Amino acid sequence: MKWMEFPREVLIGKNVLNKVPDVLNKLKIGKKVFLVTGKNTVDVAGRQIQEMIEENGGVCEICVSEKASPEEVQKITEAGAALEADSFLGIGSGRSIDLAKLSSKNCDVPFISIPTAASHDGIVSSRASIHSDGKSESFEAQAPIAVIADTEMISRAPFRLLAAGCGDVISNYTSVLDWELASRHQNEPFSRSSAMMAYMSADMITNSADLIRPGLESSARIAVKSLVLSGTAMSVAGSSRPASGAEHMFSHALDRIAKKPALHGEQCAVGSIMMMYLHGGDWEKIRNALLQIGAPTTAKEMGIDDEEIIEALLRAHTIRPERYTILGSGLTPSAAEKIAAVTKVITE
Ligand SMILES: [Zn+2]
């Protein structure tokens with residue numbers, strides 16, 4: 001049996017924030033809404049949405065969250081249960097969405113994802129990242145029942161976030177190659193349609209890399225559409241496989257090693273340049289697209305030491321050992337150095 005979970009309503013465009021009450025009505029998921037947001041976003045969008053819901057006869061309670069920790073998930077779950085919330089809204093760039101995703105699952109009610117930035121594909125996926133003891137862990141939660149992506153608002157978020165989101169999608173090129181490899185070497189189940197969607201979402205970014213510029217609503221639209229397609233690829237696969245391979249393991253390793261990690265999408269994209277070199281593919285195509293967008297392509301641009309890059313390359317295969325990738329049983333230090341130097345990630 002194959003069980004696929006998709007969002008039912010996906011709204012992408014200018015001022016779609018105003019459509020929140022319409023979406024709630026259309027989904028017929030009740031009038032009590034628990035809104036999870038951050039301290040900046042509450043003024044940018046949170047209160048406005050609360051007012052709209054209340055004007056339409058609904059009940060909306062706001063929770064301003066600080067960090068995505070297990071304690072915070074527990075607190076929000078309990079508050080949502082006390083309200084007897086019919087649904088959760090997660091409004092923010094990632095943390096609030098992850099918190100709403102997990103807490104709504106605990107309460108067994110649906111959640112709606114309202115991204116204020118397009119920095120990674122968590123805005124559409126069923127997985128949530130939670131931090132504890134300085135480590136980030138990924139949990140299976142639930143896919144959003146609706147995604148409301150206001151491209152006007154997203155284009156006003158810092159451009160670095162949008163560029164990172166594009167990097168997260170571009171890294172699908174190597175995730176898909178790793179998946180194909182695993183299907184050949186280990187007979188892992190493989191979905192051609194899911195892989196094609198993941199590949200296509202990466203193509204959407206590279207083909208329009210020269211159009212992705214700060215402050216443009218059209219750029220936000222390209223990024224969001226590709227993130228939604230990437231999320232759909234994961235829904236079809238029933239796992240993150242089409243959008244998470246060795247380059248993601250490299251990024252997770254960096255999160256643990258680096259004194260000051262860069263953004264998830266930035267690290268995955270730089271990882272993808274190096275993993276594409278390992279696959280013998282066109283790593284320069286990935287690098288050029290990132291250069292065009294203005295996303296980092298080197299350790300220095302990410303604010304990470306060369307030694308930390310090498311250490312992360314050496315440790316990456318241990319992060320998720322059950323996920324077979326081009327890293328196999330690991331690299332030797334000299335191989336890791338060569339890969340990073342040839343692809344210009346570190347200086348020779
Ligand atoms: Zn990612």
Side-chain angles (χ1 to χ4, degrees), residues 68 90 92-95 97-98 101-102 113 115 117-131 135-141 143-144 147 149 154 160-179 194-195 197-206 222-256 258 261-276 286 289-290 293 295-297 302 304 312 316 319-320 323 325-327:
S93 62
R95 188 184 52 223
I97 290 173
D98 282 345
K101 205 183 275 183
L102 276 170
S113 170
S119 58
H120 55 79
D121 57 22
I123 58 175
V124 281
S125 78
S126 59
R127 292 193 79 83
S129 293
I130 295 298
H131 305 267
K135 277 189 199 154
S136 150
E137 240 190 296
S138 173
F139 294 92
E140 185 62 27
V147 180
I154 289 169
R160 186 185 168 199
L161 298 175
L162 190 85
C166 293
D168 199 14
V169 176
I170 287 177
S171 79
N172 286 0
Y173 282 132
T174 45
S175 316
V176 168
L177 287 177
D178 279 335
W179 195 13
S194 164
M197 278 186 249
Y199 193 88
M200 226 165 83
S201 62
D203 264 354
M204 275 168 75
I205 299 293
T206 45
I222 296 167
V224 169
K225 277 164 74 175
S226 69
L227 286 167
V228 168
L229 185 58
S230 184
T232 309
M234 289 189 267
S235 292
V236 170
S239 84
S240 63
R241 216 6 161 154
S244 174
E247 74 298 318
H248 270 66
M249 283 149 57
F250 164 77
S251 170
H252 294 311
L254 265 185
D255 284 340
R256 295 178 191 186
L263 296 175
H264 168 82
E266 294 174 335
Q267 296 183 158
C268 292
V270 169
S272 194
I273 298 175
M274 295 187 285
M275 300 312 157
M276 189 55 102
I286 297 177
L290 296 170
I293 293 165
T297 60
M302 289 196 293
I304 288 172
I319 298 289
R320 205 169 174 178
R323 184 158 282 189
T325 71
I326 191 72
L327 290 170

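Not measured: the values here are computed from a predicted model. Remember, it's 1-based here, ligands and their atoms both numbered in the order they're listed.
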Salt bridge (Lys or Arg N to Asp or Glu O under 4.0 Å) pairs touching residues 226-251, sequence neighbours excluded, are Glu188-Arg241

Which residue pairs pass the salt bridge (Lys or Arg N to Asp or Glu O under 4.0 Å) test with at least one member in residues 224-236, sequence neighbours excluded?
-> none

His120, His252, His248 screened by side chain to side chain donor-acceptor pair (under 3.5 Å) with His264, the one that passes = His248

Kindly confirm whether the Zn ion (ligand 1) is within less than 2.8 Å of some N/O/S atom in His264?
-> yes

Measure from the Zn ion (ligand 1) to each N, O or S atom of His248 and report whether any distance is below 2.8 Å.
-> yes

Closest N/O/S atom of Asp168 to the Zn ion (ligand 1), by atom name?
-> OD1

Does any non-hydrogen side-chain atom of Met197 lie less than 4.5 Å from one of Pro242?
-> no

